[in-house]
Amino acid sequence: MIEVKNVTKRFGDFIALDDLNMHVERGAIYGLVGPNGAGKSTIIRHICGVYKQDSGEITIDGEKVFENESLKGKMAVIPDDIFFFTQANTLDMMKFYKNMYPNFDEQLFHKIAACFPAINMKKMIRTLSKGMQKQVAFMLAVASKPELMVLDEPVDGLDPVMRRQIWSLIMADVAEHGLTVLISSHNLRELEDVCDHVGIMNNGKILIERSLDDLQTSITKIQVAFENEIPKFPDNIEVLKQITNGRVHTLIVKGEPHAAETAISQLNPLLMDVLPLTLEEIFIYELGGENYAVKDFIF
Amino acid sequence: MQSKTSFFNKALFKKNLSRTWIVGVVYFIILLIILPIYYVLNTGNADNYIVQYGYNKEMAFLSQMDALPAAEFGFAVSIVVIVITFWYLFNRRDSYMIHSFPVSRKTLFCTGLLSSLIISITPVVLTAIIMTLLAASSGIYTFAAIWYWVFHTVVSTLICTSIALFAVMCSGQLITAICFYAIFNFLYSMMETSFRLVASRLMFGMAYISLFECSPLSPALYLREKCGVDTSIEYDNYGNISKFTTSYTGVKYLVIYLIVAAVIAILAFLLYKTKKNERVHDFITVSIFKPVFCVGVSFFVSMVLGTMASSTIASFGKYSYDTKYIMAILFALVIGVILFYATNMMIEKTLRVFDMKRGFHCAYYSIAALVIFLCLRFDAFGVESKVPDVKDIEWVGVQSEYTMTFTDPKEIAKIAELHKILIDDKKEIRNLEYFRQNEQATLLTIKYKLKNGKTVSRYYNMMDIESPFSTADYTAAAQPFLDYLNSPEIIKEHILGNIWNDCDVTNVYFEKIIQTENGNYVTYPAELDVTESERLAKNKRVYKALLKDIDNGRVLNTEFGQVAWDDSSALANQFEVTLENKNVEYFSDEQTFDEWEYYVPLYNRTITISLNPKCENTIKALTDEGYLDDVSEIVTRAYYYQ
């Protein structure tokens, strides 16, 4: 659905996006992760048609995004810093969205509103809490019945119940209408639960872009113990990180888990345990190679 | 394939109106107060004086329309409405969100423009409708005045709205956008005023030039000055209205501005199309304008400040023209470099602007500024040496001790020739100007009124050629001018006036001065106890004596040194003659020179003449005819003020 090809964006001398390529399939929930300043918000603003790239091409369903009214009518955006008109209440904003988005469903809006009973629809939005404002943004976005939803730090500031409520809304929309979702977040634990595809960004580039399953099988965490010194591993095993605690070694190994397990088992370990790797661990280990590892701090 | 986009979005339109309606309401209330309500109060309470002086309600109504602001309204309302409508361009969060909505910039721009114009123009039209009904109910049917005011206000609003849009697209900061709006409206006038200020301080013959001139390139000012409902009233000798005329001026300009407004709006739209959203909060969002702004501000401000600094220092001591000019250049260059980096800091929002690239730019700018200063110094543009072509001159005025206006082509050619002689000797006169400005100097003004309506004025500080500071070169430059101005025919024709040779002398006023016992002087007017015909005959004889003194070069001479008012020779006795010819209009050199707006035809003129002890014929005639009892009644100013 979203195709980003060789996109470069400069802010003065700073290269925010560096020949970036990205691909999001229709119906996917794509998590965009990366360290601060990686360029996540920048590429999201390009996909929303807010920024225009210096070079390269961004298309959605084959159409260029920038200045494309009909395409943007099929897209709902919730930025990290939400915007509402100063004097508007929720109903005013609903009327605005209704006139703005061709597929806006007022009945659906009221149905969703019932899930957020704490929100007073006639109260000016700017007087609501940050979390409540986010809830209003979600209500409006979902009621717009978009084909693509672009979310930048979407559940930041929401309490756990509301987080679940919102994710369930989105997941239901994905399941029922084939909604495509692009999410940028630092909350990797949460992304792991909802995303099926992940793109890891750093320095304006996508380092890795895969389905979460593929990603989780491309790196393996193995705990092994040997009777004596740790033997030399076969050449086909690339150890990204090794932590030794007595005779127990925790290895982060690049490659498919079964292959790694088979190779290491040939070294006759006393015990061997293959553990699932979290997205957060993948993120840390992948970016470790990009000079983004956690540094030891000495006072 | 790119989808089609529309020009209008209803949701945005409603939202824009919901933000700006209050401005429209306030505007409407102001218009109601100053138009229909004021009209009712003005004509309702003024019946007595209206009838007394020949006014009627229609005249009062038209005079009100004449005084009504139009361009001012357009100027003020446009920027307020535009910044409220396009508020999102100054806030990063709002800009990102608005541009992620399913609307193109074309839709945003056109919808914003439409809603702004509705808010700005509707109150004007509504007020005009109310005023039309009110006027009709009062029996006034000159509706053209109301609707021409509407046209004037609407065009002013359109041009100011388009400039406001352009300004808003040029900056990412609200305050800066408002400043840019003011700058764009007055840019040309400000630049011209800067040049005129520098010219008045540094250039030969430009000391008192007008610092401001209204130009079509400053629309708000030009629309105010040149367009609108104009009324003129003429009164008879009893103060009653004899003629009342109404005209609608500047239609041509309004039509031109209408077209210009459309062009600027299109330019603003093109800027918006290419505007980068990441430039929100930037001082200038259009890259090409950054160097223009830096260099423009640095050049004009440094030029003015450098000149002022140089003039201030020069006022504390006597510096030659060259020294003053060199000081001005040095100050301007130093201030220019400081401003160049200061504006760069402002634009880039950092103090780190001292790099090699900007260093070269600064050097180029400084060289260019220096070249322009040197061009002014050596009069590369021919401003100092400009003497208009004789065939283009309608009249030329010369003002020093007396004001003379020449309309005869031969006289015009002669003054232009004398002016060229002055300019050829400018080096000598220029340095005299700076060294001796306060010593026996008088200002010589030469003013050309051109046939195209423009005026060229030059000013020279001249000095008495008898002064000890006078040089041979200076005398050579000034003498031809003095010789011409002091020729008896010129004095009679231009100081006494065109009727000098065919007039009645209806009045001679002479003030006698008598010294009292305690040494004080007492003045009282001479009074003759004779019949009217005898008095006229006496007046005529005094006048003939005066003409004889003029022929002998004793009185009404130009000296360039204020000798006419010199305490040592001028008489303190006031002397006036009134000349009259009821069949020939008196040509007033002064009124023509001053381009007096309220011209009144004259058939008589009272001329004040500063006599001196050398006016033997006039003094004798005054004595013979009884205006003066004794020569002891005449006192020089030197004694009078002792």
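Numbered from 1 within each chain, the chains take letters A, B, ... in sequence-line order.
Salt bridge present: A:Lys9 and B:Glu278 bring a charged side-chain N and a carboxylate O closer than 4.0 Å.
Ring-centre distance between A:Tyr97 and B:Phe101: below the 6.0 Å cut-off.
Of the atoms belonging to B:Arg19, it is side-chain heavy atoms, and not backbone ones, that fall under 4.5 Å from chain A. Heavy atoms of B:Asn9 lying under 4.5 Å from chain A belong exclusively to its side chain. Only the side chain of A:Phe11 has a heavy atom closer than 4.5 Å to any heavy atom of chain B. When heavy atoms are compared at a cutoff of 4.5 Å, A:Ile78 does not approach chain B at all. Heavy atoms closer than 4.5 Å to chain B are found nowhere in A:Asp61, neither backbone nor side chain.
The two residues B:Met97 and A:Val77 come nearest to each other via the heavy atoms CE-O, 3.6 Å. Nearest heavy-atom pair across B:Asn277 and A:Val50 is ND2-O, 2.7 Å. Here the shortest heavy-atom pairing between B:Ser100 and A:Lys72 reads O-CD, 3.9 Å.
Taking CG of B:Leu12 as the start and CZ of A:Phe96 as the end, the distance is 5.0 Å to the nearest 0.5 Å. Note that OG1 of B:Thr107 and CD of A:Glu67 are 8.0 Å apart. Values are rounded to the nearest 0.5 Å.
Remark: the B:Ser104 side chain and the A:Glu69 side chain contain an N/O donor-acceptor pair separated by less than 3.5 Å.
With chain A as the partner, the residue from B:Arg279, B:Lys15, B:Lys14 showing the most heavy-atom pairs under 4.5 Å is B:Lys15. With chain B as partner, the option from A:Phe85, A:Tyr101, A:Phe84 having the largest number of non-hydrogen pairs under 4.5 angstrom is A:Phe85.
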ask   = Would B:Tyr96 and A:Tyr51 satisfy ring pair (Phe, Tyr, Trp, His ring centres under 6.0 Å), going step by step from the backbone distance to the final call?
value = CA-CA 8 Å; B:Tyr96 292 167; A:Tyr51 285 174; 5.5 Å; yes
